[in-house]
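In what follows, a structure is listed as structure tokens, so that the remarks can point back to it.
Values in this document were obtained by computation on a predicted structure and should not be read as measured data. No hydrogens, no waters, no symmetry mates; every other heavy atom, side chains included, goes into these values. Below, read A as the first sequence line, B as the second, and so on, with proteins coming before strands; counting in each chain starts at 1.
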Amino acid sequence: MLDIRLFRDDLDGLKQMLKNRGYEYPVDKVASLDEERRRLLVEVEELKAERNRGSKEIAEAMAKGVDASHLRERMKNIGVEIKELDEKLSMIERELKEHLLRIPNWPHASVPIGPDETHNVEVRRWGEPKDFGFTPRPHWEIGENLGILDFQRGVMLAESRFTVLVGFGARLGRALINFMLDLHTKEHGFKEIEPPFLVNSETMQGTGQLPKFGEDLYSCSGEDLWLIPTAEVPLTNMHRGEILNENVLPLYYTAYTPCFRREAGSHGRDVRGMLRQHQFDKVELVKICTPEKSYEELETLTQAAEKVLQLLELPYRVVCLSTGDMGFAASKTYDIEVWLPSQGKYREISSCSNCEDFQARRMNMRYKPSEGGKSRFVHTLNGSGVAIGRCLIAIMENYQQEDGSFIVPKVLRPYMGGIEKIG
RNA sequence: GGAGGGCUGGCCGAGCGGUCGAAGGCGGCUGACUUGAAAUCAGUUGAAGGGCAACCUUCCGGGGGUUCGAAUCCCUCGCCCUCCGCCA
């Protein structure tokens with residue numbers, strides 16, 4: 001949620017910002033609603049002040065035994081007026097809030113301006129794509145041949161975009177989860193959390209999934225519960241509505257959770273294999289910090305995610321998303337893209353964002369500065385550290401051998417009972 | 001699912017329909033004492049919105065109602081606790 005003051009002070013800047021993001025929004029309407037709101041507020045507050053004075057007078061008159069019926073009559077009329085204005089006001093406030101909840105975050109000045117992913121800027125590369133000496137197979141071939149990925153049964157049990165991991169496939173997934181959680185808790189200072197996988201709509205609104213993106217979520221019929229599309233949702237909402245002491249900041253949280261996404265807008269994309277699933281595992285990283293530190297924290301958050309790929313010895317690159325490619329809640333996002341030999345492309349495996357105070361404002365999550373003064377909104381950041389399924393794909397493809405087997409990365413072997421090769 | 005009890009400021013906790021944003025305590029902050037700290041004493045300390053400001057308004061789980069006036073009375077929803085039932 002943006003600060004309503006932006007609609008008063010920088011309406012033109014706001015319009016340009018939305019244009020950069022490829023959004024259309026009637027911001028003039030929002031600005032005039034805000035004006036209307038303030039006009040009504042002044043009006044109704046004056047009446048309330050009068051009623052408060054009048055009520056006090058009535059109390060005093062009654063104490064003295066003086067008749068106050070004429071005053072009561074007048075206050076009664078004012079009461080009716082107040083009620084009407086209050087109703088009008090709360091309608092406008094609801095409408096205003098509804099608008100604010102649907103307007104995306106303001107990108108940071110350092111974000112490249114452009115309509116889509118073609119304007120993303122590569123920041124750095126790590127590792128060298130391997131020269132195989134044979135045509136590398138896609139992960140679905142490797143996985144099916146080894147009997148560790150079962151796509152048919154995924155469809156049979158659920159529907160398309162569900163996969164069953166079998167035997168060493170399942171075990172490798174579990175190894176990756178443990179490896180990543182150990183790394184982030186032991187080396188990067190994150191606290192491990194196991195949050196609910198279903199959350200209520202207020203929580204979904206806090207991070208920005210609702211009200212605008214409900215069609216991307218799975219919900220439970222007859223209950224106000226939604227399946228989380230990422231652990232970012234429960235982790236970031238951990239302190240919703242709280243005023244934190246500055247000395248507890250920054251907070252670093254990590255969690256393994258499954259993630260559930262309808263993938264409503266991606267029919268026909270990545271249908272083959274398990275690159276894009278309705279359910280996938282992920283280890284997530286979340287930071288809650290002061291505004292002064294958040295961009296520094298974004299760099300170290302991204303580096304923490306990169307460390308996973310470095311230890312797994314998977315080639316990757318980091319790109320800074322352009323205004324048109326960024327998510328709704330983000331001010332700045334780095335995507336980490338891992339090399340997929342079968343596609344000859346780098347593909348997203350992690351997305352690290354600074355949301356500044358956009359989510360904090362929705363969640364009303366603030367901190368009390370140590371040096372005193374008014375409480376301020378915290379900044380929130382999140383990043384995948386990293387997606388398990390896509391990591392599994394990257395390992396199978398980058399470590400594949402000509403005979404159809406693949407090598408287990410060294411750092412994972414302790415988690416795999418010492419197994420060095422699958423197949 | 002059944003029965004009962006509760007929800008008040010950062011935390012704990014009192015509160016008669018009017019002078020209650022709310023006693024008291026803890027915590028925080030400031031000062032005194034101290035070489036410093038602790039202890040002690042004194043003072044101070046909620047949030048949001050509107051306004052240049054003085055100031056005004058709102059907030060006692062959410063919503064609604066009664067009333068000139070609601071933390072206080074009524075209705076409703078939510079959550080928490082205790083007991084019973086069921087259960088990994």
Side-chain angles (χ1 to χ4, degrees), chain A residues 1-9 30-101 194-206 210-211 220 222-226 234 237-249 251 288 290 357 359-378:
Chain A
M1 199 159 75
L2 293 176
D3 191 337
I4 186 69
R5 280 169 242 268
L6 289 169
F7 292 78
R8 300 173 202 163
D9 303 339
V30 180
S32 68
L33 272 173
D34 173 52
E35 272 179 49
E36 173 77 351
R37 174 186 154 267
R38 280 180 294 157
R39 197 182 61 72
L40 278 170
L41 197 60
V42 171
E43 202 177 328
V44 76
E45 282 185 359
E46 274 168 12
L47 285 173
K48 281 180 178 173
E50 191 180 343
R51 183 178 67 181
N52 288 345
R53 283 193 300 271
S55 293
K56 211 172 267 185
E57 274 181 56
I58 289 169
E60 281 160 13
M62 284 169 66
K64 287 186 215 149
V66 179
D67 173 59
S69 52
H70 60 289
L71 197 54
R72 288 167 87 120
E73 201 50 39
R74 231 181 73 208
M75 289 305 116
K76 190 168 187 164
N77 291 335
I78 286 181
V80 172
E81 250 183 283
I82 288 173
K83 201 181 162 194
E84 279 171 15
L85 285 175
D86 262 345
E87 275 166 14
K88 233 196 245 178
L89 191 60
S90 71
M91 246 176 65
I92 285 173
E93 281 177 343
R94 261 203 308 278
E95 204 179 331
L96 196 56
K97 175 122 195 239
E98 192 63 26
H99 281 298
L100 288 177
L101 287 174
E194 187 182 307
F197 302 163
L198 282 76
V199 299
N200 59 36
S201 47
E202 212 180 322
T203 302
M204 284 294 186
Q205 185 181 288
L210 290 178
C220 300
E223 281 186 88
D224 182 31
L225 285 173
W226 308 73
N237 273 277
M238 283 276 286
H239 301 283
R240 187 176 74 228
E242 290 184 35
I243 300 173
L244 300 158
N245 275 323
E246 183 173 351
N247 60 28
V248 309
L249 301 176
L251 290 166
I288 299 169
T290 60
D357 65 5
Q359 296 178 322
R361 189 170 255 114
R362 290 172 160 251
M363 293 188 292
N364 196 22
M365 176 163 65
R366 291 165 293 167
Y367 76 98
K368 198 95 187 156
S370 300
E371 67 272 20
K374 282 179 86 96
S375 46
R376 307 167 69 200
F377 288 114
V378 295

* To do: Whole angstrom is fine here: how far is it from NE2 in His239(A) over to C1' in C11(B)?
  => 16 Å
* **Verdict with supporting geometry, Lys56(A) and Glu60(A), salt bridge (Lys or Arg N to Asp or Glu O under 4.0 Å)** => CA-CA 6 Å; Lys56(A) 211 172 267 185; Glu60(A) 281 160 13; over 6 Å; no
* To do: For Arg39(A) and G51(B), give me the distance from atom CZ to atom P, rounded to whole Å.
  => 14 Å
* Phosphate OP1/OP2 of U57(B) contacted by Asn52(A) side-chain N/O (<4.0 Å) -> yes
* **Close side-chain approach of Val199(A) to Asn237(A), heavy-atom, < 4.5 Å** => no
* **Rounded distance (Å) that lies between atom C1' of G62(B) and atom CD of Glu93(A)** => 16 Å
* **Test: Arg39(A) and Glu36(A) ion pair at under 4.0 Å** => yes
* Starting from P on C52(B), measure out to CG on Asp9(A) and report it in whole angstrom. => 12 Å
* **Interface with RNA chain B, restricted to residues 78-91 of chain A and to heavy atoms under 4.0 Å** => Lys83(A)
* Arg361(A) and side chain to side chain contact (heavy atoms under 4.5 Å, CB included): which partner among Ile4(A), Asp3(A), Leu100(A)? -> Asp3(A)
* Could you list the residues that satisfy side chain to side chain contact (heavy atoms under 4.5 Å, CB included) with Ala59(A), not counting sequence neighbours? => none
* **Along RNA chain B (nearest heavy atom to each residue), the more 5'-positioned of Arg38(A) and Met75(A)** => Arg38(A)
* To do: In whole angstrom, give me the gap between the C1' atoms of U45(B) and A37(B).
  => 24 Å
* Structure fact -> Separation of G62(B) atom P from Gln205(A) atom CD, nearest Å, is 17 Å
* Side chains of Asn52(A) and Ser55(A): do they bring a donor and an acceptor to under 3.5 Å? -> no
* Would you say Arg53(A) reaches G69(B)'s phosphate, i.e. side-chain N/O to OP1/OP2 under 4.0 Å? -> no
* Stems involving RNA chain B, each a run of at least 3 consecutive Watson-Crick or G-U pairs under 3.5 Å -> B:1-7 with B:78-84, B:10-12 with B:24-26, B:27-32 with B:40-45, B:46-50 with B:55-59, B:61-65 with B:73-77
* How about Arg74(A) and Glu50(A): do any of their side-chain heavy atoms sit closer than 4.5 Å? -> yes
* **Partner residues of Glu35(A) under the side chain to side chain contact (heavy atoms under 4.5 Å, CB included) criterion, sequence neighbours left out** => Arg38(A)
* **Value in whole Å for how far the P atom of U58(B) lies from CG of Leu40(A)** => 16 Å
* Would Arg376(A) and Asp357(A) count as a salt bridge (Lys or Arg N to Asp or Glu O under 4.0 Å) if you check the C-alpha gap in whole Å, the side-chain angles of each, and the deciding distance to 0.1 Å? -> CA-CA 9 Å; Arg376(A) 307 167 69 200; Asp357(A) 65 5; over 6 Å; no
* Asked: Does atom CZ of Arg8(A) have more than 12 heavy-atom neighbours from other groups under 6.0 Å away?
  -> yes
* To do: Between A71(B) and G21(B), how far apart are the C1' atoms? Round to whole Å, please.
  => 10 Å
Could you pull out the protein-nucleic contacts involving nucleotides 16-21 of chain B (nitrogen or oxygen on both sides, under 3.5 Å)?
from: G18(B); atom 1: N2; to: Ser55(A); atom 2: O; distance (Å): 3.0

* Asked: What is the distance, rounded to the nearest whole Å, between atom CD of Glu60(A) and atom C1' of C68(B)?
  -> 13 Å
* Spacing of the C1' atoms in G65(B) and U57(B) (rounded, Å) -> 22 Å
* **G4(B) to C77(B) separation - P atoms, rounded to the nearest Å** => 15 Å
* Please name the pair of heavy atoms, one in Leu71(A) and one in Gly54(A), separated by the smallest distance, quoted to 0.1 Å. => CD2-O, 3.9 Å
* Find the distance between NZ (Lys368(A)) and CD (Glu242(A)) and round it off to the nearest 0.5 Å. => 14.5 Å
* Interatomic distance at P, G1(B) relative to G49(B), whole Å -> 39 Å
* For the atom pair CD (Glu223(A)) and CG (Asn200(A)), what is the distance rounded to the nearest 0.5 Å? -> 11.5 Å
* Asked: Say you pick atom C1' in C73(B) and the same atom in U66(B); how far apart are they, in whole Å?
  -> 8 Å
* Could you check Arg72(A) against Met75(A) for side chain to side chain contact (heavy atoms under 4.5 Å, CB included), going step by step and ending with a plain yes or no? => CA-CA 5 Å; Arg72(A) 288 167 87 120; Met75(A) 289 305 116; 5.7 Å; no
* Rounded to the nearest Å, what distance is computed from the CD atom of residue Glu202(A) to the C1' atom of nucleotide C79(B)? -> 12 Å
Protein N or O to nucleotides 44-49 of chain B N or O, pairs below 3.5 Å:
from: A47(B); atom 1: OP1; to: Lys368(A); atom 2: NZ; distance (Å): 2.7
from: A47(B); atom 1: O3'; to: Arg366(A); atom 2: NH1; distance (Å): 3.0
from: A48(B); atom 1: OP1; to: Arg366(A); atom 2: NH1; distance (Å): 3.2
from: G49(B); atom 1: O2'; to: Arg37(A); atom 2: NH2; distance (Å): 3.1
from: G49(B); atom 1: N2; to: Glu45(A); atom 2: OE1; distance (Å): 3.2
from: G49(B); atom 1: N2; to: Glu45(A); atom 2: OE2; distance (Å): 3.2

* **Pair Asp224(A)-Glu202(A), side chain to side chain contact (heavy atoms under 4.5 Å, CB included): steps then yes or no** => CA-CA 9 Å; Asp224(A) 182 31; Glu202(A) 212 180 322; over 6 Å; no
